[in-house]
Structure formats: structure tokens, C-alpha cells
S.K.: 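Here it is, the structure in full.
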Amino acid sequence: VKEMKFQRSLKSVAEERVGKVCGNLRVLNSYWVAQDSVYKFYEVILVDPNHAAIRNDPKSNWIVKATHKHREARGLTSAGKKHRGLRHKGHLDAKVRPSRRANTKRRRMLSLLRYR
């Protein structure tokens, strides 16, 4: 119990592995399928950004943009946002936005007036 544990969920690990194998597709989300005593199985939803139906659909063509490449590796899927602590909002969660690193960097930075 007191040893170091892996911090990310198996769901986000599965998304990242699929994203590495299928580099031309975009990871949309994933869901639990089954598990046994050793493994957990997830189904990962992938989107082809070059498909005409995706490009022409106004509800789903947001994923075609280049900024959504490898969302799973940057923690932008549902499992990644949960790991980053972005499921909650409010004054208690102010230290996790936009990210823990950016928040710490902003708070540590010494800010002085230019002309003193």
C-alpha cells in the first residue's frame, strides 16, 4: 500500500497505446469492455480525420484540425482530464488550471514594476 503507484488510469494508458499504433487516426474517447483477474479491456473510439463524412459534418469536423493530433498523449481525452484533475470547478480547484505546472510557475514568478 505504501509503495509508489502508477498515477494514470489503465484507460488512459490504453488510449495512448492505441494512439501510438494508429498514428493517422485521432483518439476520441474510450470505454470499459471487460476485465479478468489480470487484464482490463477497453474499446477506444478512433476517428479518421481524412474521411469525407467527418470533414463535411459540422458537429464532428473540429477533430480534423491539427491542434487535435495526439490528444491522448497530452491528456485531452476524458480519462486524461480526470487524471489532471479537470473534472471539478470552483475555488478549491484553482491550482490545477490551466495546468499544475503553469499555475506553480505563475505563482513562483517574481513580478516587479519596471520603474521603481
Side-chain angles (χ1 to χ4, degrees):
V1 174
K2 294 183 180 180
E3 294 178 6
M4 289 178 66
K5 309 290 191 296
F6 191 66
Q7 294 299 308
R8 282 193 302 142
S9 65
L10 294 174
K11 187 177 180 181
S12 83
V13 172
E15 289 175 353
E16 190 171 350
R17 286 181 180 177
V18 170
K20 281 183 180 178
V21 173
C22 306
N24 60 328
L25 302 175
R26 307 276 162 85
V27 174
L28 184 64
N29 211 343
S30 62
Y31 55 91
W32 175 89
V33 176
Q35 71 184 40
D36 58 12
S37 59
V38 180
Y39 298 107
K40 285 190 177 185
F41 299 95
Y42 295 94
E43 224 165 82
V44 180
I45 303 167
L46 298 169
V47 177
D48 185 6
N50 296 316
H51 197 278
I54 301 296
R55 286 184 166 274
N56 296 331
D57 183 21
K59 283 184 77 174
S60 59
N61 68 357
W62 58 269
I63 205 161
V64 173
K65 293 179 187 174
T67 54
H68 296 290
K69 288 180 180 177
H70 296 288
R71 302 170 66 238
E72 72 285 347
R74 295 178 286 134
L76 300 180
T77 60
S78 182
K81 283 186 176 182
K82 183 177 182 183
H83 159 68
R84 290 165 56 208
L86 297 177
R87 287 270 177 94
H88 309 287
K89 292 181 181 178
H91 74 283
L92 294 176
D93 299 302
K95 291 184 179 177
V96 296
R97 292 181 189 277
S99 67
R100 286 196 179 117
R101 179 179 295 157
N103 191 282
T104 304
K105 188 175 179 181
R106 188 184 72 235
R107 288 170 189 263
R108 283 184 178 175
M109 187 174 62
L110 182 62
S111 178
L112 300 172
L113 295 174
R114 187 170 179 186
Y115 300 109
R116 291 181 279 140

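Because the structure is a prediction, the values reported are computed rather than measured.
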S.K.: Tell me the closest heavy-atom pair linking Arg8 and Ser12, and the distance in Å.
M.R.: NH1-OG, 3.4 Å
S.K.: Start with the C-alpha distance between Val33 and Tyr42, add both sets of side-chain angles, then the distance that settles side chain to side chain contact (heavy atoms under 4.5 Å, CB included), and finish with yes or no.
M.R.: CA-CA 5 Å; Val33 176; Tyr42 295 94; 5.6 Å; no
S.K.: Would you sort out whether Ile63 and Ile54 count as a side chain to side chain contact (heavy atoms under 4.5 Å, CB included), showing the intermediate values?
M.R.: CA-CA 9 Å; Ile63 205 161; Ile54 301 296; 4.3 Å; yes
S.K.: Verify the neighbour count for atom CZ of Arg108: are there more than 12 heavy atoms of other residues, nucleotides or ligands below 6.0 Å?
M.R.: no
S.K.: Do Ile45 and Trp62 belong together in a cluster built from hydrophobic side chains that touch within less than 4.5 Å?
M.R.: yes
S.K.: Using only atom types and a distance under 3.5 Å, with no angle test, would you say the side chain of Arg84 pairs donor to acceptor with the backbone of Val96?
M.R.: no
S.K.: My understanding is that only residues two or more places apart in sequence, or in another chain, count here; which of them pass side-chain hydrogen bond (donor to acceptor under 3.5 Å, both in side chains) with Glu15?
M.R.: Ser30, Thr77
S.K.: Quick one: pull up CG in Asn50 and CG in Asn24 and give me the separation to the nearest 0.5 Å.
M.R.: 7.5 Å
S.K.: Quick check: are there more than 12 heavy atoms from other residues, nucleotides or ligands sitting under 6.0 Å from CZ of Arg97?
M.R.: yes
S.K.: Strictly distance-based, threshold 3.5 Å: is any side-chain N or O of Asn56 a donor or acceptor partner for the main-chain N or O of Ala52?
M.R.: yes
S.K.: Count I, L, V, M, F, W, Y as connected when their side-chain heavy atoms are under 4.5 Å apart, and connections chain through other members. Are Trp32 and Tyr39 then in the same cluster?
M.R.: no
S.K.: Go through the structure and list residues passing side-chain contact (heavy atoms from CB on, under 4.5 Å) with Lys82, not counting sequence neighbours.
M.R.: Arg87
S.K.: Provide the closest heavy-atom pair for His68 versus Arg26 in the form atom of the first, atom of the second, distance.
M.R.: O-CD, 3.3 Å
S.K.: What distance do His51 atom NE2 and Ser60 atom OG have between them, rounded to the nearest 0.5 Å?
M.R.: 11.0 Å
S.K.: Going from CZ on Arg74 to CG on Leu76, what distance comes out if it is rounded to the nearest 0.5 angstrom?
M.R.: 5.0 Å
S.K.: Each residue besides Leu46 in its hydrophobic cluster should be listed here, by chain and number; the cluster joins Ile, Leu, Val, Met, Phe, Trp and Tyr at side-chain heavy-atom distances under 4.5 Å.
M.R.: Val18, Leu25, Val27, Val44
S.K.: Would you say Phe41 and Val38 are hydrophobically clustered, going by side-chain heavy atoms of ILVMFWY under 4.5 Å?
M.R.: yes
S.K.: Using a strict cut-off of less than 4.0 Å between a Lys/Arg side-chain nitrogen and an Asp/Glu carboxylate oxygen, indicate whether Lys20 and Glu72 qualify as a salt bridge.
M.R.: no
S.K.: By the definition side chain to side chain contact (heavy atoms under 4.5 Å, CB included), identify the one residue from Arg101, Arg100, Arg106, Lys105 that meets it with Asn103.
M.R.: Arg106
S.K.: Any chance NZ of Lys5 has more than 12 other-residue heavy atoms, nucleotides or ligands included, within less than 6.0 Å?
M.R.: yes
S.K.: To the nearest 0.5 Å, what is the distance between CZ (Arg107) and NZ (Lys95)?
M.R.: 6.0 Å
